[in-house]
Structures are given as C-alpha cells and as structure tokens.
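Remember, it's 1-based here, ligands and their atoms both numbered in the order they're listed. What you see below is based on every heavy atom in this structure, not just the backbone, and it leaves out hydrogens, waters and symmetry mates.
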Amino acid sequence: MSKPVGIGIIGCGNISPQYFKGATLFSEIEVVVCADLNLELAASRAEEFSIAKAVSVDELLADPEVEIVLNLTTPQFHAPINKRILEAGKHAYCEKPFATNREEGQEVLELAKEKGLRVGCAPDTFLSSPLQTARKLVDEGFIGKPFGGTAFFACPGHERWHPNPEFYYKRGGGPVLDMAPYYLTVLANLFGPAVSVISSAKKVFDERTVASGPLEGEKISVETLTHNVSVIEYSNGATVNAIFSFDVQGSHDLPMLTVYGTEGNLSLPDPNGFEGPLKVSRAGQDWEEVSWQHNYEGMRAIGLADLAAAIRDGRKHRANGELAYHVFDTMLACEESAESGQRVQIESTFESLPAIRASDGAAPLF
Ligand SMILES: NC(=O)c1ccc[n+]([C@@H]2O[C@H](COP(=O)([O-])OP(=O)(O)OC[C@H]3O[C@@H](n4cnc5c(N)ncnc54)[C@H](O)[C@@H]3O)[C@@H](O)[C@H]2O)c1
C-alpha cells in the first residue's frame, strides 16, 4: 500500500474535529499539520488530535509534506484561500459553500486547470452508505423513472448552538448557501444537473441573538434572506419542491428528502450525515426499510480520501469542484429567482461519476 497523502488543515474551528477524527478512518490520508489565524487554537487542536505541527498559514502552504490542503475557514475565505493553496502548488479541498459568487468560484476552477491541480469540496455526505445505496437503486431502475421529489430543511437558526454564528447571517451565509449543499448534492448525484429554478424567499427576523458560548446574548443583524421556497427542475425531467429555512421555530413533520419514481418512492435519511434509514414504498405498498448495499464507516473526510485515492489512481474524484460549482450555481439561482420573481436557467453542468461500488466494508472502498 502506498504512503498516505499528506493533508494540511487551514481553519481549526467548530467543524474541524470531525475532519481530524474522520481522517483517521481512511488509510489514504494523514493529517500532518494544521493552521489557523488563531495560532493557540491550531496548537490546541494539534495536541488534542496528535498532529505533529501547528504552524502559520504561510508555513503550511510551504510544507513539502502537504499534498492536499483542507480549507475549513468561513465562507468568505473559501475561494481566496483555495487560490492561495493552488498558487502554492497543492490540491485544494474546502468546506461548503464553494465560493460567495460565481466569478470567484470560476477563478478557482480555472486556476486549478491552469496549474494541473485538483479542487474538491464538501459536502461528501452523498458518499454515505445509505445515499450511495439510493443512487444504486435509482441507477438500477428500482423505483422506475424518477420524476419528482422533495427537499426540506427547516430549523430556528444555527445561533441556538453555534458559538460564533454571525457568518450564517452575512454574505455567503443564509439557509440556502449553508444547508442546501447537502440536499442539492444528493439530488444532483441521483438526477444529474439541475436546469432551472423558480423561488420565493423572505427574511422573517431582522436580528438574531447568540444563545451559547462566550458571545451569548450578542446581537447579529441579519443580511440574508432566511426562508426560501424553490421549485427545481433537473435534466432527467424530475421536479423537486424544496424549503430551506432558518425561521421555523417549532417542530415540523416534513421529510428530509423524497424521490418519486414511476414504480415507487424512496425516502432518504438526513443528507447532512452518514446514517439513517433508507426506505422504499413500491406502488400500492407501505414504506419498508432497505438494507444498505454499501457498508462502510462514514464520516466527513470520505470525499478527501476519495480525492487522495483518485490522485494516486489517475481517475476523477467524486466530491469535485465541478459538481460543487454546479450546486453553488443552483443555490445562487434559488436566491436570484426569489429576488427577481423570474425563473432562472442554470448554465453550469458536471460529469456524473459512478457510485462507490457495493461493499461489505472489508475491501478497499475506492
Ligand atoms: N460548524 C459546523 O457544524 C459545520 C458543519 C458543516 C460545515 N461547516 C462549514 O465549515 C466552515 C467552517 O465552519 P466552522 O463552524 O468551523 O466555523 P468557525 O468560525 O468555528 O471556524 C473557522 C476557523 O477558521 C479560521 N479562519 C478564518 N479565516 C481564516 C484565514 N484566512 N486563515 C486561517 N484561518 C482562518 C478561524 O480563525 C476559525 O478558527 C464553514 O464554511 C461552514 O459552513 C460547518
């Protein structure tokens, strides 16, 4: 087996432990160094997760042991840091959203092409066992021809739990850019590219209050629309009804993701996770749980491991920049359509890559 690909992490905040831990599940990758604007935080993560070095961003980018840089900064820094990573001659993999506008997203893709380097992006949850099993069932025609679906995310807002939630309500934040990536990446993986969107959106609260941590009680002024309702059409002919909201205060009974086919329906588990029941209801029958045909331990970092394996094997990686850009373009279309009141056509597309092969978890995954 070849040596694991060296990973450097920039951004050691709230989400980083999931990657520090997740990376240890995959023999393809090893986190060798981490960095943050807050050097103390980087040092404490290095100690907690037994990472050899915590350094400055410049030192990390110059480190010869680092082949892929994982960018876990906040959204406004995703594209600028991705560009610095590529300029430093390393492959870039970042958290979602891919960018804050189309121009900077395109610039990242073009720079990677020019440099002969790769770009990857979260979410990689569409590579989970249940969601890859769903892809296999759709590919095999298990529910006939898919013609529709639903995607619902509704919560009272991340300020209830996140210690530093301001970015969710500023440029690059909001429920569409923050939560739709999970839903729209799964739908793109099942249906192919989206082709058009028509949406309506509003801001229900002008101000939010941080509910926990050292900033508890601080006010955030809301600069994004926080309740978006969209109808999305896909290239395979399927139409999806979606709600992405930070404004729903109480409980709701909306399913997270449903796919309707000519011979039955699929109910998918939370696309922001790696587990949960995958259910099918064939024509005239009730819901039944389907066993996963891909059984591997999942955690954020599977997309990164697939990128590392793909670099070694000379094939395309699944959680790639082209797919992330398309999902990002679709999300911007949801916001733009809501503002203009017009249907927005989606220009971007991506190449659909094969599902991860069915596996009992014993054989190598990729
Ligand atoms: N928190 C979650 O549960 C969660 C879940 C999924 C995805 N994400 C995504 O992960 C990203 C990070 O979220 P988070 O919750 O960890 O945010 P966070 O604010 O907790 O952490 C971000 C870290 O990045 C550092 N940073 C920012 N700009 C930097 C720069 N230019 N150079 C070096 N370091 C820099 C900050 O100092 C901070 O420590 C966001 O895009 C978010 O959407 C977060």
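Here the heavy atom of the protein found nearest to atom 13 (O) of ligand 1 is Phe167 CZ, 3.9 Å. Summary of contacts: the protein heavy atom closest to atom 15 (O) of ligand 1 is His162 NE2, 2.7 Å. Of all protein heavy atoms, the one lying nearest to atom 21 (O) of ligand 1 is Gly13 CA, 3.2 Å. In terms of protein heavy-atom proximity, atom 5 (C) of ligand 1 is nearest to Ile15 CD1, 3.2 Å. Considering only non-hydrogen protein atoms, atom 7 (C) of ligand 1 sits nearest to Glu95 OE1, 3.2 Å. For atom 40 (C) of ligand 1, the nearest protein heavy atom (residue, atom name, distance) is Thr73 O, 3.8 Å. Here the protein heavy atom with the shortest distance to atom 28 (N) of ligand 1 is Phe77 CD1, 3.3 Å.
Two residues are said to be in side-chain contact when any heavy atoms from C-beta on lie closer than 4.5 Å; Gln132 and Trp292 fail this criterion. Using a 4.5 Å cut-off on side-chain heavy atoms (C-beta onward), Pro97 and Pro75 make contact.
For Ile81, every heavy-atom contact with ligand 1 shorter than 4.0 Å involves the side chain, none the backbone. Contact annotation: for Gln18 versus ligand 1, there are no heavy atoms closer than 4.0 Å. Neither the backbone nor the side chain of Gln76 comes within contact range of ligand 1; no heavy atom lies under 4.0 Å. Residue-level proximity to ligand 1 for Tyr182 is carried by the side chain, the only part with a heavy atom below 4.0 angstrom.
Heavy-atom contacts from other residues, nucleotides or ligands closer than 6.0 Å to CD of Glu47 number 12 or fewer. Counting heavy-atom neighbours within 6.0 Å of Glu140 CD, excluding the residue itself, gives a total above 12. In Glu288, the CD atom is not crowded: 12 or fewer heavy atoms of neighbouring residues, nucleotides or ligands sit closer than 6.0 Å. Counting non-hydrogen atoms of other residues, nucleotides and ligands closer than 6.0 Å to CD of Glu263 gives a total above 12.
Note: His158 and Tyr168 have perpendicular aromatic rings, judged against thresholds of 30 and 60 degrees for the angle between ring planes. Using cut-offs of 30° and 60° on the angle between ring planes, the pair Phe350 and His326 is tilted.
Interface atoms of ligand 1 facing Trp161, defined by a heavy-atom separation under 4.0 Å, are 1 (N), 2 (C), 3 (O). When each atom of ligand 1 is checked for a heavy atom of Thr74 under 4.0 Å away, the hits are 17 (O), 19 (O). Ligand 1 places these atoms under 4.0 Å from at least one heavy atom of Leu41: 39 (O).
Checked against the 6.0 Å centroid criterion, the rings of Phe328 and Phe98 do not qualify as a close aromatic pair.
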Verdict with supporting geometry, Ser267 and Asn265, side chain to side chain donor-acceptor pair (under 3.5 Å): CA-CA 7 Å; Ser267 170; Asn265 306 332; over 6 Å; no
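Judged by a 6.0 Å distance limit and a 45° cone about the ring axis, Arg160 is not positioned over the six-membered ring of Phe246.
For Leu37, a nitrogen or oxygen atom sits less than 3.5 Å from a nitrogen or oxygen atom of ligand 1, counting backbone and side chain alike. Residue-to-ligand polar distances place Asp36 within reach of ligand 1: an N/O pair is separated by less than 3.5 Å.
Ligand 1 is never approached by His158 to a heavy-atom distance shorter than 4.0 Å. Distances from ligand 1 to the non-hydrogen atoms of Ser16 include no value under 4.0 Å.
Between the side chain of Arg282 and the backbone N or O of Phe142, at least one donor-acceptor pair lies under 3.5 Å.
Between atom 22 (C) of ligand 1 and the options Asn164, Asp178, Leu72, Asn272, the minimum heavy-atom separation is to Leu72. Atom 14 (P) of ligand 1 has its nearest heavy-atom neighbour, among Asn38, Val57, Asn14, Ile10, in Asn14. Across the listed options Lys96, His78, Arg84, Lys96 owns the non-hydrogen atom lying nearest to atom 43 (O) of ligand 1.
Separating the SG atom in Cys334 from the CG atom in Leu177 is a distance of 9.5 Å, to the nearest 0.5 Å.
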